[in-house]
Amino acid sequence: MDSKKKEKEKEKEKDVVVYEKDVDMAGASRGVWLVKVPKYISSRWDKCPGNITAGQLNIIKVQGQKPQVKLTLSEAIMCLQEKGEEPIPKEHGLIVSTITSQTLGVFSQNTTPASSNSPMETEKISFEGKVVQKLECRPTANASYMKLKRDCLIKAAQPTRIVKQLDRVVQSYKPISDHKHNKEFEEKKKAEGKKARDDKGKVMDMLFAAFEKHQYYNIKDLVKITNQPVTYLKEILKDVCVYNLKNPHKNMWELKPEYRHYKEEDKD
């Protein structure tokens, strides 16, 4: 038993990650760009391994005008096209905008694996640089791009559930799982159990004690006070109480006049 406990403790120690408190600020003076790219580019970049070129930036400076920035995807990214997937545009223009009212930064989290010197993994947070420009990636509106957008809109408009007409009698089928709120209600009902009927005199004593505190009650409050079944409680209430059908105490129970013992208010 002791050896098993030691093995479990060692496994727990392996899973422990140590976080360094200090943030590496070596890149505090570095300026970085925040680029917004379409979803089809980000999905391609997620698929590619880390040792290939994702793309190339071309910056054309014209005197008296803003520099023109273009993004050209690499051939390796273009070749990651799946079967049945439409080809994506290779060249995209980048619209440059400066940041004036915000201060944005880029942080990275690096993991150092465990070794003989340090048996636990370490996580280090570094400040990579301050965002100096925001760029928005826009593809060229050619026929290829329009076809890609049309296919994306068609896929998005397809319903997730389809009605299928059956041409024969289905002998068996798999029903859907029960809803969560139904399961919770059944579990709560089992936990509470069936409410047992107490003696009528005992229930009436509880009712009279409750009506000494307040003059009017609704049926839910009386069920909580007496812990009796609703049908059984209503039978007793009909004998000793009156059910109000008019405002201001509509749908409330009140003792019959012969059972009331309220103190009369002092008159000036």
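By the 4.5 Å heavy-atom criterion applied to side chains, Val131 and Ile99 are counted as neighbours. Annotation: side chain of Arg44 is in contact with side chain of Ile88 (closest heavy-atom distance under 4.5 Å). A heavy-atom distance below 4.5 Å is found between the side chains of Cys48 and Ile77. Between Gln215 and Glu254, the closest side-chain pair of non-hydrogen atoms falls below 4.5 Å. The side-chain heavy atoms of Asp239 and Lys200, taken from C-beta on, include a pair separated by under 4.5 Å. Leu233 is listed as a side-chain neighbour of Ile219, based on a closest heavy-atom distance under 4.5 Å. Asn58 is not listed as a side-chain neighbour of Val69, based on a closest heavy-atom distance of 4.5 Å or more. Here the side chains of Ser97 and Leu135 are not in contact, with every heavy-atom distance at 4.5 Å or above.
Pairing each heavy atom of Gly31 with each of Val132, the nearest pair is CA-CG1, 3.9 Å. Taking each heavy atom of Tyr145 and Pro89 in turn, the nearest pair found is CD1-CG, 3.8 Å.
Note on Glu75 versus Lys90: salt bridge recorded, some NZ/NE/NH1/NH2 to OD/OE distance being below 4.0 Å. Ion pairing of Glu136 with Arg138 is present here, as a side-chain N (NZ or NE/NH1/NH2) and a carboxylate O approach within less than 4.0 Å.
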Requested in this report: Evaluate side-chain contact (heavy atoms from CB on, under 4.5 Å) for Ser126 paired with Val23, printing each intermediate quantity in order.
Outcome: CA-CA 5 Å; Ser126 303; Val23 179; 5.7 Å; no

Report task. Report the C-alpha separation of Trp253 and Tyr216 in whole Å, then their side-chain angles, then the decisive distance to 0.1 Å, and conclude whether the side-chain contact (heavy atoms from CB on, under 4.5 Å) test is met. Result -> CA-CA 6 Å; Trp253 291 89; Tyr216 302 97; over 6 Å; no

Query raised in the report: Given Glu128 and Ser108, is the side chain to side chain donor-acceptor pair (under 3.5 Å) satisfied, shown in steps?
Result: CA-CA 7 Å; Glu128 299 297 337; Ser108 65; 2.4 Å; yes

Query raised in the report: Under the side-chain contact (heavy atoms from CB on, under 4.5 Å) criterion, do Val35 and Leu94 qualify, and how do the steps go?
Result: CA-CA 8 Å; Val35 184; Leu94 296 177; 4.1 Å; yes

Report task. Decide yes or no on side-chain contact (heavy atoms from CB on, under 4.5 Å) for His92 and Leu73, but give the supporting numbers first. Result -> CA-CA 8 Å; His92 297 76; Leu73 299 178; 4.2 Å; yes

Query raised in the report: Can you list the steps and then say if Glu123 with Asn110 is a side chain to side chain donor-acceptor pair (under 3.5 Å)?
Result: CA-CA 6 Å; Glu123 293 282 349; Asn110 301 319; over 6 Å; no

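Within the model, atoms CD of Gln68 and CD1 of Ile95 stand 9.5 Å from one another, a figure rounded to the nearest 0.5 Å. How far SG of Cys241 is from CD1 of Ile236: 10.0 Å, rounded to the nearest 0.5 Å. Between Asp198 atom CG and Asp205 atom CG the span is 11.0 Å, to the nearest 0.5 Å. A distance of 11.0 Å separates NZ of Lys234 from CG of Leu222, quoted to the nearest 0.5 Å. In this structure, OG in Ser74 is found 5.5 Å from CD1 in Ile52, a value given to the nearest 0.5 Å.
Side chain of Asn244 to backbone of Met252: a donor-acceptor contact under 3.5 angstrom is found. Listed for the Asn247 side chain is no donor-acceptor partner under 3.5 Å among the backbone atoms of His249. In this structure, the side chain of Gln228 engages the main chain of Thr226 through a donor-acceptor pair within 3.5 Å.
Linking ILVMFWY side-chain heavy atoms closer than 4.5 Å, directly or via other members, places Ile225 and Phe208 in a single hydrophobic cluster. In this structure, Met206 is a member of the same hydrophobic cluster as Leu255, with clusters built from ILVMFWY side-chain heavy atoms closer than 4.5 Å. Hydrophobic clustering (ILVMFWY, side-chain heavy atoms < 4.5 Å, transitive): Val240 and Leu245 are in one cluster. Using a 4.5 Å cut-off between side-chain heavy atoms of Ile, Leu, Val, Met, Phe, Trp and Tyr, with links allowed through other members, Leu237 and Val230 fall into the same hydrophobic cluster. Under the 4.5 Å side-chain contact rule for hydrophobic residues, Leu71 and Ile59 share a cluster.
Between Tyr217 and Phe211, the ring planes lie perpendicular to each other; the angle is over 60°, past the 30° to 60° tilted range. Between Phe127 and Phe107, the ring planes are perpendicular. Angles over 60° get that label, and only those under 30° would be called parallel.
Counting only N and O atoms by type, the side chains of Asn251 and Tyr243 include a donor and acceptor under 3.5 Å apart.
Counting non-hydrogen atoms of other residues, nucleotides and ligands closer than 6.0 Å to CD of Glu258 gives a total above 12. Atom NZ of Lys39 has 12 or fewer heavy atoms from other residues, nucleotides or ligands within 6.0 Å.
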